[in-house]
Amino acid sequence: ASRQRRNENPKAAPATSARNLSEYLKQFVFPQNECELHSFRLSFSQLRWDRWIIAPHRYSPQFCRGECPRALGHRYGSPVHTMVQTLIYERLDPSVPRPSCVPAAYSPLSVLTIEPDGSIVYKEYEDMIATKCTCR
Amino acid sequence: SPRSRGWEDSAEAPGFLAAPEDAANQLSAGLQLPQGEAPAHALLPPLLKVLHNRGPRGWHSEAPRLQPDSRALRYMKRLYRMSATRDGIPKAQRGRLYNTVRLFTPCWECEHRPAHLGKGDVHSVDFLFNLDRVTALEHLLKSVLLYSFDTSVPISSSITCMCHLSLKEHDFSSQVCPSISHSLAFSLHFDVRKRKWVEMDVTSFLQPLIAMNRRNVHMALNFTCLMGDPQGSTKLENAVNVTLVPPSLLLYLNDTSEQAYHRGSSLRHGRKSSSPLVDPPKGDRGQGNPQGKR
């Protein structure tokens with residue numbers, strides 16, 4: 001089409017077609033801050049909880065942040081519903097939120113604490129550290 | 001944050017997140033929440049909600065935490081180092097079933113000293129453990145009494161103590177003195193140099209009480225200690241004067257609640273993603289590997 005337009009009107013700036021093309025391609029470019037796992041380390045002394053949480057001294061819960069790309073494919077293990085949600089957001093109703101970047105798997109954490117009665121307890125808690133992200 | 005679900009609905013946040021009074025005050029100051037106002041309850045993030053649930057005055061009614069016995073603290077820190085990495089990840093130990101270990105020190109003990117402390121006299125000590133912190137969802141796997149003895153005699157050899165442990169039932173309906181329900185005779189043998197804890201398995205002894213959700217365990221211990229080891233000659237004249245450090249009670253438990261970590265439960269671990277697609281291949285974005293993008 002751009003060649004035909006050039007033949008008809010050779011003075012037309014080629015920039016317009018290039019701009020249309022880049023506009024068109026934009027929808028396939030992967031977002032730079034794509035959904036992925038980010039590290040975050042805290043120590044219980046920062047929260048002043050180290051008086052009764054004896055161990056561990058530091059804790060890395062990790063978290064998920066970033067945009068969910070349109071073409072999810074198998075990369076995030078997302079169900080088909082996620083792509084449907086993206087299409088609804090883009091084509092039917094922008095009030096429907098785009099898919100969110102959330103944890104998909106966790107690992108446990110062992111904690112040693114002092115109880116109010118002075119007894120000491122070692123406990124292993126489920127789902128305390130995010131280990132993988134997904135778009136849902 | 002108000003968006004966080006899960007703990008928001010149930011005040012079941014893990015116990016250790018119930019911050020004591022000062023952390024909660026700090027947080028409520030930060031959140032400019034009215035102190036102890038009922039309407040604020042619905043807005044509280046999970047952490048404060050757990051505190052708020054402790055009663056209408058929330059954290060103010062929280063009694064300050066009693067400080068644990070330093071020996072017991074040392075023992076539990078060693079147990080932690082053996083069970084988890086420095087970052088708190090539970091070590092995969094084959095055949096390990098417990099996900100909770102509770103250590104109780106006796107809330108009171110009284111020693112009945114014989115009139116004159118002759119050689120080989122029997123010492124007798126009563127002590128009471130309060131097990132209120134054990135929840136109904138924590139099932140007993142093993143219980144151990146941790147003994148440690150103080151002896152003034154700087155001896156290099158070992159000591160053998162003959163012990164007789166009895167469980168006292170308090171029948172509060174009748175005012176008679178406590179009857180003895182079970183008793184257990186055993187000998188403890190340890191080397192003073194190492195001053196290690198001496199562990200005595202009392203699982204079968206305590207199982208019935210824990211199963212009946214008994215909150216208070218009253219024990220009486222009679223013991224006499226002789227110098228030397230059981231195989232060698234432990235003549236009565238070798239009796240040695242030892243003081244029993246009040247033993248601690250260690251309970252290895254399997255917490256069956258939702259937030260506790262269950263080893264090998266296929267439902268929770270290694271489950272496949274719900275989508276029909278197979279698990280993403282290595283290097284996918286979910287593993288936080290930017291190079292895996294393309």
Side-chain angles (χ1 to χ4, degrees), chain A residues 30 34-39 41 44 47-49 51-60 62 64 66 69 72-82 101 103-129 131-135, chain B residues 14-16 19-20 22-23 26 62-69 72-73 76-77 79-81 83-91 99-105 107 130 132-133 255 258-263 268 273-281 284-290 292-294:
Chain A
F30 285 98
E34 195 176 325
C35 170
E36 66 180 344
L37 193 66
H38 291 261
S39 178
R41 297 169 76 85
F44 289 117
L47 297 169
R48 290 180 51 202
W49 291 355
R51 279 187 313 123
W52 86 99
I53 297 180
I54 307 163
H57 296 303
R58 55 180 183 276
Y59 163 39
S60 310
Q62 327 260 69
C64 295
L72 289 161
H74 60 267
R75 195 174 26 257
Y76 287 102
S78 301
V80 178
H81 171 273
T82 310
C101 173
Y106 297 90
S107 71
L109 181 76
S110 295
V111 186
L112 189 63
T113 57
I114 299 176
E115 299 272 59
D117 65 349
S119 62
I120 308 169
V121 59
Y122 164 86
K123 236 182 199 317
E124 295 170 347
Y125 286 99
E126 189 72 270
D127 301 343
M128 290 296 289
I129 300 172
T131 55
K132 203 158 99 176
C133 299
T134 182
C135 285
Chain B
F16 73 92
D22 54 345
Q26 216 179 22
E62 177 72 31
R65 289 170 188 252
L66 301 175
Q67 283 312 305
D69 171 81
L73 205 46
M76 287 302 275
K77 284 180 179 174
L79 180 133
Y80 185 87
R81 284 193 296 273
S83 309
T85 64
R86 287 174 66 87
D87 285 333
I89 310 293
K91 291 178 183 171
N99 55 19
T100 299
V101 182
R102 288 185 180 277
L103 183 140
F104 297 94
T105 41
C107 31
N130 176 282
D132 273 344
R133 304 301 301 182
D255 182 346
E258 185 62 23
Q259 315 112 25
Y261 171 45
H262 304 287
R263 274 177 175 69
R268 296 204 47 100
S273 61
S274 53
S275 76
L277 305 164
V278 293
D279 258 353
D284 74 310
R285 298 289 298 169
Q287 308 284 340
N289 170 5
K293 211 184 262 186
R294 301 286 177 266

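To find a chain, count down the sequence lines: A is the first, B the second, and so on, and within it residues start at 1.
Atom CD1 of A/Ile114 and atom CG of B/Leu103 lie 11.5 Å apart (nearest 0.5 Å). Summarising the geometry, atom CG belonging to B/Asp87 is positioned 11.5 Å from atom OH belonging to A/Tyr59; distances are rounded to the nearest 0.5 Å.
Across all non-hydrogen atoms, the minimal contact from A/Ser110 to B/Pro90 is OG-CG, 3.3 Å. B/Arg133 and A/Ser119 make their closest contact through CG-OG, 3.8 Å (heavy atoms, listed as atom of the first residue, atom of the second, distance). Across every non-hydrogen atom of B/Arg86 and A/Arg58, the tightest pair is NE-NH2, 3.7 Å. When all heavy atoms of A/Glu124 and B/Arg263 are compared, the closest pair comes out as OE1-NH1, 2.7 Å. Here the closest non-hydrogen pair linking B/Ile89 and A/Pro108 is CD1-O, 4.1 Å.
Heavy atoms closer than 4.5 Å to chain A are found nowhere in B/Thr85, neither backbone nor side chain. The parts of B/Leu73 that come within reach of chain A are both its backbone and its side chain, each placing non-hydrogen atoms under 4.5 angstrom from that chain. At a 4.5 Å heavy-atom cutoff, B/Lys91 makes no contact with chain A through either its backbone or its side chain.
Legend: residues meeting side-chain contact (heavy atoms from CB on, under 4.5 Å) with A/Ala105, ordered by chain and number and at least two apart, are A/Thr131, A/Lys132. Taking the ring-ring contact (aromatic ring centres under 6.0 Å, His included) definition, one finds that B/Phe104 meets it with nothing, sequence neighbours left out.
Counting heavy atoms of neighbouring residues, nucleotides and ligands inside a 6.0 Å radius, atom NE2 of A/His38 exceeds 12 of them.
Considering only heavy-atom pairs separated by less than 4.5 Å from chain B, the leading option among A/His81, A/Arg41, A/Lys123 is A/Lys123.
Just one of A/Ile54, A/Ile120, A/Val121 meets the side-chain contact (heavy atoms from CB on, under 4.5 Å) condition when paired with B/Met76; it is A/Ile120.
Looking at heavy atoms from C-beta onward, A/Ser107 lies out of side-chain contact with B/Tyr261 at the 4.5 angstrom threshold.
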